[in-house]
Protein chains: 2
Amino acid sequence: MTTRWLTPEEQRAWRAYVAGYLLLEDTIDRQLQQEAGMPHLYYSILANLSEAPERRLRMTDLAERLKITRSRLTYAVTRLEKDGLLRREECRWDKRGSVAVLTDEGMTVLERAAPGHVETVRAFLFDRLTPEQVGQLEEIFTQVTQGLQGGDSEAVPEDLPWRRRSSPCSGTP
Amino acid sequence: MTTRWLTPEEQRAWRAYVAGYLLLEDTIDRQLQQEAGMPHLYYSILANLSEAPERRLRMTDLAERLKITRSRLTYAVTRLEKDGLLRREECRWDKRGSVAVLTDEGMTVLERAAPGHVETVRAFLFDRLTPEQVGQLEEIFTQVTQGLQGGDSEAVPEDLPWRRRSSPCSGTP
DNA sequence: TAGGTTTGTTTCAAACTTGAACCAAGACCC
DNA sequence: GGGTCTTGGTTCAAGTTTGAAACAAACCTA
């Protein structure tokens, strides 16, 4: 099968995208590290928990929402637990499971960190986009996300050896 | 100063974007790791060199193009050098400098890896976007990139303590 | 209900990233 | 020439990520 290379437009888009997200992630990480002592992902963990009912989530659910591997999450949660920002509890219904719970201290840290974070996201992303572009951004990445793990098994070859298999994730019983 | 929180539209866009790029990067990394034995960044290093005149670039130039720190690049180049995919040479005009040169073997590896990589980028990104969206993607991230390091010092507060300072990068004398 | 499979999570070693500290060479200045 | 400042690059330790392997609990199924 002969390769369908990228068109010039696609190449330009691809390069702009890669450059942009690297710089943006880098900036966000640096800001959060500086002001909250943790990288972006760790902040997202706290943020996710803070919005969950009772501020608690199963590890697998959390990993699923964050789009990261469980092993990565384990490491991060261990660190945050050491810092006292969350604690682990065992799952009542499924003794295999464990649940991460945001502590009050975690909530405080999150609240303190949020303004600076939002300010950064604004300054370097949203303040530079028109409302239409905000919509386009959502649209584009929603499609990407769906393609990568939303249920549409039609369009994507199922048998690529290197694809991550998405475990069907269970919520509360 | 009171925080300007994200609007609901911005929130949705932000979440879609973060989810999307995590999944996409993850997929690309996994594919390249599987088929070429290296992560995305390392592939990009080879790709960049392959397009440069004489397949050679100053370390700083390379870091600048890739939007990564010099220290990160040093590590990556050391690994690729060990693998024989590139070699370091010292810079003739500036004895501090060193230059990364793509070897023939590196070129071969790159050429072998390219089709699979492009296929992945296509399958999970471009094949899912309309031509308009491709244009929008470019537009959006070009703006982000410029804001983050293009010269427009107007719009961005200069004195945020956590910003990366972009070293004015020098090319050939 | 024993035996086999799947699922939820952790563990471990190897690879990678980060930021600060360091070193040497150019540039500037008197 | 002899400071001093800047630039290009590497080094080092600490932190993070990866993927495979290990475990244990839950779920079949004969």
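Just so you know, these numbers use all the heavy atoms, side chains as well, and skip hydrogens, waters and symmetry mates.
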Practice task
Find the distance A/Leu73:CG to D/dT16:C1' and express it as a whole number of Å.
Solution key: 13 Å

Handout entry: Between P of C/dG26 and CZ of B/Arg58, the distance in whole Å
Key = 10 Å

Fill in the blank from the handout: Taking every heavy atom of B/Leu110 against every heavy atom of B/Ala47, the minimum-distance pair comes out as CD2-CA, 3.9 Å

Problem - Whole-Å gap separating C1' (D/dT17) and NE2 (B/His40) - result: 17 Å

Problem - Atom pair distance, as rounded to whole Å: CG in A/Asp61 and P in C/dT7 - result: 15 Å

Completion exercise
Sorted by chain and number, sequence neighbours left out, side-chain hydrogen bond (donor to acceptor under 3.5 Å, both in side chains) with A/Tyr21 holds for B/Glu25

Problem - Inter- and intrachain pairs under salt bridge (Lys or Arg N to Asp or Glu O under 4.0 Å), touching residues 106-121 of chain A, at least two apart - result: A/Glu119-B/Arg4

Practice task
Report which part of the nucleic acid A/Thr74 touches: base, sugar-phosphate, or nothing (heavy-atom distance under 4.0 Å, all strands).
Solution key: base

Exercise for the section: Quickly work out the B/Leu62 CG to D/dG8 C1' distance and round it to whole Å. Expected result: 13 Å

Problem - Interatomic distance, B/Glu64 CD vs D/dG9 P [rounded to whole Å] - result: 12 Å

Handout entry: Whether B/Tyr17 and A/Phe141 hold their rings parallel, tilted or perpendicular, with breakpoints at 30° and 60°
Key = perpendicular

Practice task
Please state how far atom CG in A/Leu66 lies from atom P in D/dT17, giving the value in whole angstrom units.
Solution key: 11 Å

Exercise for the section: Compare side-chain N and O positions of B/Ser98 against OP1 and OP2 of D/dT10 and report whether any pair is under 4.0 Å apart. Expected result: yes

Exercise for the section: Ignoring backbone atoms, test whether A/Arg70 places a side-chain nitrogen or oxygen under 4.0 Å from the OP1 or OP2 oxygen of C/dT7. Expected result: no

Exercise for the section: State whether a side-chain donor-acceptor pair under 3.5 Å links B/Glu35 with B/Gln31. Expected result: yes

Handout entry: B/S/- contact track for nucleotides 12-21 of chain C, protein heavy atom under 4.0 Å
Key = ---SBBBB--

Problem - Test side-chain hydrogen bond (donor to acceptor under 3.5 Å, both in side chains) applied to A/Glu81 - qualifying residues, sequence neighbours left out - result: A/Arg88

Exercise for the section: Check whether any side-chain heavy atom of A/Leu62 lies under 4.5 Å from a side-chain heavy atom of A/Ile68, and answer yes or no. Expected result: no

Please tabulate, one pair per line, each protein N/O and nucleotide N/O from nucleotides 23-26 of chain D that are separated by under 3.5 Å, including the distance.
from	atom 1	to	atom 2	distance (Å)
D/dA26	OP1	A/Lys95	N	3.1

Problem - Donor + acceptor pair across side chains of B/Gln11, B/Arg15 (<3.5 Å) - result: yes

Handout entry: Contacts of A/Arg56 that satisfy side-chain contact (heavy atoms from CB on, under 4.5 Å) - sequence neighbours left out
Key = A/Glu54, A/Glu89, A/Val99, A/Val101

